Trainee: 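Questions regarding the structure given below will be posed in turn.
Residue numbering restarts at 1 for every chain, and letters A, B, ... go by the order of the sequence lines. Any value given below was found using the heavy atoms of this structure, including those in side chains, with hydrogens, waters and symmetry copies removed. Since the model is a prediction, treat every value here as computed from it, not as a measurement.
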Amino acid sequence: MARWPEMESVILSRATRLMMPVLIVFSVFLLLRGHNAPGGGFVGGLIASTAFALLAISDSVDVARQTLRIEPRRVMGFGLLVALSAGLIGLLSGGSFFEGVWPGIKLPVIGKLGTPMLFDIGVFFVVVGFTLTVVFTLLTEED
Amino acid sequence: MENLLVLPIVIPLVTAGFCLLASRRIRLQRSLSLFGMVALTIATLALFDAVRSEGILVIQAGAWPAPYGITLVADRLSAMMLLLSAIAGLAVTAYAGWSVGERRERFHFYPLLHVLLLGISGSFLTGDLFNLYVCFEVMLMASFVLLCLGGERAQLEGGVKYVILNLISSAIFLTATGLLYGAVGTLNMADLSVRIAQYENREVINSLAMLFLVAFGLKAALFPFAFWLPASYHTPPFAVSAIFAGLLTKVGVYALLRVFTMLFVGDPDFTHTVIGILAAASMVFGALAALSQKDIRRVFAFQIMSTVGFMALGIALGTPLAIAAVVFYLAQDVILKCNLFMLGGVADKLRGSGNLDKLGGFWKTKPFFSILFLISLLTLAGVPPLPGFWPKLALLRSTIETGEGVLVAAVVLAAFLTLFSSIRIWSGGIWRDAPPPDLEPTDLAEREKDARWMMVPAAGLSGLLLAYALAAGPVFDYAEAAADQLLNPQVYVQAVLGEGN
């Protein structure tokens, strides 16, 4: 499968191993601060998918798929449902569709919990799933 | 009751999500899709009933009040279009399992179909122009992929034309939306209806009206913006052509109808005259071009252009009768165009080709199929008592009332050409004797089996067309009430913005 001999590089491969956890932590950080500051599910999702895209380029698509464990399109479906559930919670708790619901829980680092964050988490997974579907498909050579 | 408005958006989204989760399990995806479409049909039926008994329904998403938040509105026109799109979606889903082929189904056919319906439902529900743009984009993104699904050479060629022209249309739409916002400071359609009427510089409003006409005319396939349609609709699988033909151009017509009855009504001598000219050209040119085609889907594609011309003519005339005729036209045309392409798919399945030269010989061997085809062709031609006749009659009457001889001539000419084109398909494609198809016996047996199942949804839609013929009176009453809502936007404005406006 798509292992590109001309691009095989020990440096890139090693660096990717080190960068991946950093990128993923950073993406979660961006996701969580997104409500009031620059960041959010979309940017966070892009950063998280670069982690796996890097792995796909430095090693191979198969390795990246195994590391992700879940099929990207399923990640996309899951994200869609999570984002939608944020809208439905607003509706079911007696408000309007997509009306923000804030249960009043405050966490030390993350801040106030509410349905807008749930929506952002959904967006995060949709973006990861979508980007990786595209990247993996483009990197896989058709037989 | 207002919460029903959310369902036409939520149901396709949930179904698309679950279809993606089901991933490679095609049979599961088929059942999920069918289930989702049935749920959508029931939900839109409930919404249709609610709007009919209670009037315009409004919900402000996120509880941000209009004109600042995202408003979802359903009046009679929207409710009808939602119900029709759910029915067409259901028919196509039932059809797709037997006609698309597993290879294409694996490439996310079902999730995309639901995303397409999500965009279409959103377009019918939204109460502001920017969200109309967003829903158009959702719909177009899904349609781009569906059109090219499978990646055959002809598909990609058609796809390139389709994508480029639709992107141009989107760019014009977005530009016009931005300029309109700059001019009047709102995009909520109810609010726009009030503010455009108060805006003093008529040249600005007229220029914007023309930009919107080009943008929506491109989507609706109005002459001379329609050439992407016959260049692309004959390339994808028949199921995809059927849903496109049934719904996508109608969304453009819906947008034209909305904008030119609610917003740009200040200077009809200019705006509506332009629409009238384009409409007449569309009607005649589409019907004429359909006669020159051999591929059954290209014939129907040019017929779509002609039909859109008829509907645009009604919008141009703008009288209550003409608008009611447009609503009736929409009501039967979604079902009719979807059905024509599905039946074309059955013929193609049985003969291995959609070319009129290779079809024929169905009348003796497949009488049931031939009768289904006959119902749709007679509806297309506008033969009474089938539902194609009544809107044409109403349009002809309202054209005569205006006293524009050229338009009357165009309507009559286009109607005759359409009749001629239907006869041509009937005699060449169905009725005449033809040698049996040049296919392997085992392959043919397989095709016959698929074709039988493909005829089930087509029979359902044909039955619906017959039901229209029986219930033409009530349908026309409904269309008149819908036209009344469109021509008196104060009710809509009050429903959206609240009392005191």
Trainee: Side chains of A/Phe97 and B/Asn3: does their closest heavy-atom pair fall under 4.5 Å?
Mentor: no
Trainee: For residues B/Arg106 and A/Arg73, report the shortest heavy-atom separation together with the two atoms involved.
Mentor: O-NH1, 3.6 Å
Trainee: For chain A, which of B/Leu5, B/Ile70, B/Leu13, B/Leu72 has the most heavy-atom pairs under 4.5 Å?
Mentor: B/Leu13
Trainee: Side chain, backbone, both or neither: which part of B/Val10 has an atom under 4.5 Å from a heavy atom of chain A?
Mentor: both
Trainee: For A/Ile70, is it the side chain, the backbone, both or neither that has a heavy atom under 4.5 Å from a heavy atom of chain B?
Mentor: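 For A/Ile70, there is no contact with chain B at all, as no heavy atom is under 4.5 Å.
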Trainee: Can you tell me if B/Trp64 has over 12 outside heavy atoms packed within less than 6.0 Å of its CH2?
Mentor: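 No, because the 6.0 Å sphere around CH2 of B/Trp64 holds 12 heavy atoms or fewer from other groups.
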Trainee: Identify which part of B/Ile59 has an atom lying under 4.5 Å from any heavy atom of chain A, answering side chain, backbone, both or neither.
Mentor: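 Looking at B/Ile59, just its side chain touches chain A.
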Trainee: Mark yes when over 12 heavy atoms from residues, nucleotides or ligands other than A/Phe42 sit less than 6.0 Å from its CZ; otherwise mark no.
Mentor: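 At most 12 heavy atoms, drawn from other residues, nucleotides or ligands, come within 6.0 Å of this atom.
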